[in-house]
Engineer: 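Before we start, here is the structure in question, set down as structure tokens.
A, B, ... follow the sequence lines: proteins, then strands. Residue 1 opens every chain. Because only heavy atoms are used, hydrogens play no part in the values below, and waters and symmetry mates are left out as well, while side chains stay in.
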Amino acid sequence: MRLTKLFTRTSKTVAADEVSKNAQLLIRAGFVHKEMAGVYAYTPLGLKVLENIKSIVREEMNAVDSQELIMTNLQPSAIWEETGRWDDKVVDVWFKTKLKDDSEIGLAWSHEEPIVDMMKQYVTSYKDLPISVYQFQTKLRNELRSKSGIMRGREFLMKDMYSLTQDAKQHDEYYDSVKEAYKKVYDRLGIGEDTYITFASGGAFTKFSHEFQTICETGEDTIYLHRGKNIAINEEVLDEDSLTKLDIKREDLEEVKSSEVGNIFNFGTDKSEKMDLTFTDEDGNRQFVHLGSYGIGISRVMGVIAEKLSDDRGLVWPKSVAPALVYLIRLGDEPEVVKQADELYEKLTSEGIEVLYDDRDMRAGEKFADADLIGIPYRLVISSKTVEQGVIELKERTSEDTKSVQFAEISNLLTR
RNA sequence: CGGGGAUUGGCGCAGUUGGCUAGCGCGCCGCGUUUGGGACGCGGAGGUCGGAGGUUCGAGUCCUCUAUCCCCGACCA
């Protein structure tokens, strides 16, 4: 992408009341546009990041044999009445509206009930199970107060996955495989180091559910880390009973702020019983399906990455999610400089390397500042100086060192 | 939903105890000088001050209502 074509621009300032670092940086660098409180549009650079995160999640979910689908945003009230969750007193984040015939419908804040309802049509035999499905969907939640930039919005992108299994054993096997898949996801997203499996409240069927919490100052959760065991406990379930169950001593725990970037949950047969989702087992008996639910807040993860990996000059995207791998700066407009920069842009692009090409008529300082702010992993510079020396200047966003490299070897140096 | 703060060109802000054609920075347009870490000069364009009502000779400044945004709290992926 040539920056002369990109409609967004960077800004030196941001509204004083926009306090969260992720929103400040993402707005300044032109990744998101705030539409209203808790509602953000994703401009081309931001969308690219979102898509890259999705790709990683998609690969890992496919790897545990889940099938991608997409559910609807408009939901009938009836299926939520079956579980008692249509009531605003039970679920306080509902957005509801009406069809022209006055019937009430809901806007998707979750897809648990719709998935179960839909699956009733497809699941009849034990031979059908296990099944796992997932989607990337925009969730709409009428939060009383949204905050922290894109980390807690009224509209946000979520990957939600649901597993249907025959029994507790089959469920547990699948659940464990997802747990491993999630670890891979966070590793690949560059936040694995600081992301902990966290024991949280589990509902009716298990004492615990598991959250994936990333240490982050802007986070809304407080967790207690056990570095030795590499796990954490959410403060909501921190009591003597839990400590005993997990065989942990209170004095070994370290309190940190964190953001919940994922959640895996065992519903047991609770929802299936309420909604009558059954299958026939080998002996011809009707059984309730075991259900698991697995979420990853895609847009929140983007916010967490922006928060955690940025520095005082701007964003620092990991290569796996960066909107481009290379930020190519052309300094000056001498014919030979333009020619070489254009050629390099074409070459890299044709090799499938994504390049943000700063072909704007601006001063060096502004270009360098923008490169830092936008946070692309590699920065290449072509100027009259480099042309003279027959080299290209290469610098990584995370490093202060620049080095001169040859045109021919450039592709090999840019590793994803 | 409780408490606090805010709303003035595209963006960020200032605007005294009400007073004349509402300022500044960034950005934008034009010309020129510059050109490796957000240059400089000159000349321009662009706002009726969130909305409605009121007080007043006169309202961005005061009053009432209302909308929206932000922060803290309660609640949540």
Engineer: Rounded to whole angstrom units, what separation is found between the CE atom of Met362(A) and the P atom of G37(B)?
Structural biologist: 14 Å
Engineer: Would you measure the distance from the C1' atom in G5(B) across to the matching atom in A77(B) and give it in whole Å?
Structural biologist: 29 Å
Engineer: May I ask you to say what Ser293(A) touches in the nucleic acid, namely base, sugar-phosphate or nothing, with a heavy-atom cut-off under 4.0 Å?
Structural biologist: nothing
Engineer: Distance check, C1' atoms only: A22(B) and G58(B), in whole angstrom units.
Structural biologist: 15 Å
Engineer: Pick the P atom in G30(B) and in C70(B), then give their distance to the nearest Å.
Structural biologist: 36 Å
Engineer: Given the P atoms of C63(B) and G46(B), what is the spacing between them in whole Å?
Structural biologist: 34 Å
Engineer: Please report the distance separating the C1' of U61(B) from the corresponding atom of G25(B), rounded so that it comes out in whole Å.
Structural biologist: 23 Å
Engineer: Answer yes or no for this row: Phe368(A) ring on G38(B) base, centroids under 5.5 Å, planes under 30°.
Structural biologist: no
Engineer: Could you tell me the Watson-Crick or G-U partner of A39(B), where both distances fall under 3.5 Å? Say none if there is no partner.
Structural biologist: U33(B)
Engineer: Less than 4.0 Å between a side-chain N and a carboxylate O, is that true for Lys271(A) and Glu113(A)?
Structural biologist: yes
Engineer: Under 6.0 Å between the ring centres of Phe31(A) and Trp317(A)?
Structural biologist: yes
Engineer: Let me know, please, whether Leu157(A) or Ser11(A) comes out on the 5' side of the other along RNA chain B by nearest nucleotide.
Structural biologist: Ser11(A)
Engineer: Find the distance Phe7(A):CZ to C11(B):C1' and express it as a whole number of Å.
Structural biologist: 16 Å
Engineer: Could you state the CD-C1' distance from Glu366(A) to U34(B), rounded to the nearest angstrom?
Structural biologist: 13 Å
Engineer: Once you apply a heavy-atom cut-off of 4.0 Å, does Ala364(A) come out as touching a base, just sugar-phosphate, or nothing?
Structural biologist: sugar-phosphate
Engineer: Taking only the C1' atom of each, what is the distance from U7(B) to U66(B) in whole angstrom?
Structural biologist: 13 Å
Engineer: Under 4.0 Å, heavy atoms only, any strand: does Val14(A) hit a base, just the sugar-phosphate, or nothing?
Structural biologist: sugar-phosphate
Engineer: Do we see a donor-acceptor contact under 3.5 Å between the side chains of Asp370(A) and Thr10(A)?
Structural biologist: yes
Engineer: U35(B) phosphate, OP1 or OP2: any side-chain N/O from Arg363(A) under 4.0 angstrom?
Structural biologist: no
Engineer: Does U55(B) have a Watson-Crick or wobble mate here (both distances under 3.5 Å), and if so which one?
Structural biologist: none
Engineer: Mapping Arg9(A) and Thr402(A) onto RNA chain B by nearest heavy atom, which one lands closer to the 5' end?
Structural biologist: Arg9(A)
Engineer: In terms of side-chain heavy atoms, does Thr386(A) have a donor or acceptor partner in Glu393(A) at a distance below 3.5 Å?
Structural biologist: no
Engineer: Measure from the side-chain heavy atoms of Met158(A) and tell me the nearest of A39(B), G12(B), A77(B).
Structural biologist: A77(B)
Engineer: Take atom CZ of Arg330(A) and atom P of U35(B), then tell me their distance rounded to the nearest Å.
Structural biologist: 17 Å
Engineer: Tell me the partner of C49(B), counting only Watson-Crick (N1-N3 plus N6-O4 or O6-N4) or G-U wobble (N1-O2 and O6-N3) with both under 3.5 Å; none if nothing fits.
Structural biologist: none
Engineer: Sub-3.5 Å donor-acceptor pair from the side chain of Thr43(A) to the main-chain atoms of Leu45(A), do we have one?
Structural biologist: no
Engineer: Ignoring hydrogens and geometry beyond distance, is a side-chain donor-acceptor pair present between Tyr294(A) and Ser163(A) at under 3.5 Å?
Structural biologist: yes
Engineer: Could you give the CG-to-C1' distance, from Asp361(A) to C29(B), as a whole number of Å?
Structural biologist: 14 Å
Engineer: Kindly indicate, with the supporting measurements, whether the criterion salt bridge (charged side-chain N to carboxylate O under 4.0 Å, His left out) is fulfilled by Arg227(A) and Asp252(A).
Structural biologist: CA-CA 8 Å; Arg227(A) 291 197 186 265; Asp252(A) 293 338; over 6 Å; no
Engineer: Between U68(B) and U55(B), how many Å separate the two C1' atoms, rounded to a whole number?
Structural biologist: 26 Å
Engineer: Does any donor atom in the side chain of Thr4(A) or Asp359(A) lie under 3.5 Å from an acceptor atom in the other side chain?
Structural biologist: yes
Engineer: Surrounding NZ of Lys395(A) (heavy atoms of other residues, nucleotides or ligands, distance under 6.0 Å), is the total greater than 12?
Structural biologist: yes
Engineer: Ignoring hydrogens and angles, are the base of G37(B) and the side chain of Arg379(A) linked by a donor-acceptor pair under 3.5 Å?
Structural biologist: yes
Engineer: Roughly how many Å is it from CG in Asp370(A) to C1' in G27(B), rounded to a whole number?
Structural biologist: 13 Å
Engineer: Could you let me know what C69(B) is paired to, Watson-Crick or G-U wobble, both distances under 3.5 Å, or none if it's on its own?
Structural biologist: G5(B)
Engineer: Quick one: Leu331(A) CG to G38(B) C1', roughly how many Å, whole number?
Structural biologist: 13 Å
Engineer: Between protein and nucleic acid, restricted to nucleotides 70-76 of chain B and to nitrogen or oxygen atoms under 3.5 Å apart, what atom pairs and distances do you find?
Structural biologist:
{"unit_1": "C70(B)", "atom_1": "OP1", "unit_2": "Lys34(A)", "atom_2": "NZ", "d": "2.7"}
{"unit_1": "C70(B)", "atom_1": "O3'", "unit_2": "Asp17(A)", "atom_2": "O", "d": "3.4"}
{"unit_1": "C70(B)", "atom_1": "O2'", "unit_2": "Asp17(A)", "atom_2": "O", "d": "2.9"}
{"unit_1": "C72(B)", "atom_1": "OP2", "unit_2": "Arg145(A)", "atom_2": "NH2", "d": "2.4"}
{"unit_1": "G73(B)", "atom_1": "N7", "unit_2": "Arg145(A)", "atom_2": "NH1", "d": "3.2"}
{"unit_1": "C75(B)", "atom_1": "O2", "unit_2": "Arg152(A)", "atom_2": "NH2", "d": "2.7"}
{"unit_1": "C75(B)", "atom_1": "N3", "unit_2": "Arg152(A)", "atom_2": "NH1", "d": "3.0"}
{"unit_1": "C75(B)", "atom_1": "N3", "unit_2": "Arg152(A)", "atom_2": "NH2", "d": "3.2"}
{"unit_1": "C76(B)", "atom_1": "N3", "unit_2": "Glu220(A)", "atom_2": "OE1", "d": "3.0"}

Engineer: Check every strand shown and say whether Asp372(A) touches a base, only sugar-phosphate, or nothing at a heavy-atom separation below 4.0 Å.
Structural biologist: base
Engineer: Under 3.5 Å, is there a donor-acceptor pair linking the side chains of Asp160(A) and Gln137(A)?
Structural biologist: no
Engineer: How far does the P atom of C42(B) sit from the matching atom of C24(B), given to the nearest Å?
Structural biologist: 13 Å
Engineer: For Glu334(A) and U34(B), give me the distance from atom CD to atom C1', rounded to whole Å.
Structural biologist: 13 Å
Engineer: Now, which nucleotide makes the Watson-Crick or G-U wobble pair with C11(B), with each of the two distances under 3.5 Å?
Structural biologist: G25(B)
